[in-house]
**Q** 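Could you have a look at this structure, given as structure tokens, before my questions?
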Amino acid sequence: MEGNYWLFKSEPGSYSYDDLVKDEVAEWDGVRNFQARNFLRDSIKHGDHVLFYHSNAKPTAVIGTALVVREGYPDYTAWQEHSDHPDPKSTADNPIWYMVDIKPLEKFSNHVSLQEIRNNPLLEGMLLLKRGMRLSVQPVTKEEFNIICGMGRS
DNA sequence: GCCAACGTTGGC
DNA sequence: GCCAACGTTGGC
């Protein structure tokens with residue numbers, strides 16, 4: 001039984017890879033999309049590997065990797081009225097949104113930009129490259145994960 | 001259950 | 001800042 005691989009998007013202006021390094025562990029809260037929620041709640045397991053991607057950045061790129069250290073549990077920021085992502089429909093008794101905890105693993109010496117990913121024929125199947133793909137939590141294959149790690153170390 | 005309006009994401 | 005793509009909401 002082997003772990004799975006994921007890509008998490010974050011806008012560096014709100015939470016960057018360096019923030020993760022500083023915090024040592026991050027609660028991946030604030031995801032408010034049902035498809036991404038299902039991954040967080042049902043599929044992402046302790047020990048799974050994560051590509052940490054900066055969206056809305058210059059350039060947009062995979063910055064490094066992270067490790068899942070806690071499996072899906074209710075995103076309590078949803079029922080905190082003054083959090084960044086309140087959702088009054090979610091309650092402690094009946095949570096709608098979920099999150100996981102991650103810790104930093106490896107910061108790449110070479111940030112792997114979206115352009116480099118596009119230019120690599122081995123990665124042409126990546127979900128990230130699909131038109132209109134906006135999922136902030138998405139699966140990647142082991143092969144894609146390893147190829148991007150290789151590019152990040154070169 | 002359809003679909004128009006609206007809001008958000010995210011690359012450029 | 002623009003705008004295409006997509007998700008969500010709500011009237012009917």
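If you're wondering where the values come from, they're calculated on a predicted model, not measured in any experiment.
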**Q** Quick one: does A:E11's side chain have a donor or acceptor within less than 3.5 Å of a partner on A:N56's backbone?
**A** no

**Q** Under 4.0 Å between a side-chain nitrogen and a carboxylate oxygen: does that hold for A:E27 and A:R70?
**A** no

**Q** Short question: side chain of A:S10, backbone of A:P12 - any donor-acceptor pair under 3.5 Å?
**A** no

**Q** Strictly below 4.0 Å, N to O, side chains only: are A:K107 and A:D18 in salt-bridge contact?
**A**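 Yes.
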
**Q** Quick one, which residues of residues 80-98 of chain A touch DNA chain B with a heavy atom under 4.0 Å?
**A**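 Those residues: none at all.
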
**Q** Look at the aromatic rings of A:F8 and A:W28 and report parallel, tilted or perpendicular, splitting at 30° and 60°.
**A**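 Correct class here is tilted.
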
**Q** Is it true that a side-chain atom of A:D23 and a backbone atom of A:A26 form a donor plus acceptor pair closer than 3.5 Å?
**A**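 Not at all, since once roles are kept as given, no pair shorter than 3.5 Å links the two residues.
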
**Q** For nucleotides 6-12 of chain B, give me one character per nucleotide, 5' to 3': B if any protein heavy atom sits under 4.0 Å from the base, S if the only such contacts are to the sugar-phosphate, - if neither.
**A** -BBBBBS

**Q** When Ile, Leu, Val, Met, Phe, Trp and Tyr are grouped by side-chain heavy atoms lying under 4.5 Å apart, directly or through other members, which residues fall in the same group as A:I117?
**A**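 Cluster partners of A:I117: A:Y5, A:L7, A:L51, A:Y53, A:V62, A:F108, A:V112, A:L114, A:L122, A:L123, A:M126, A:L128, A:L129, A:V140, A:F145, A:I147, A:I148, A:M151.
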
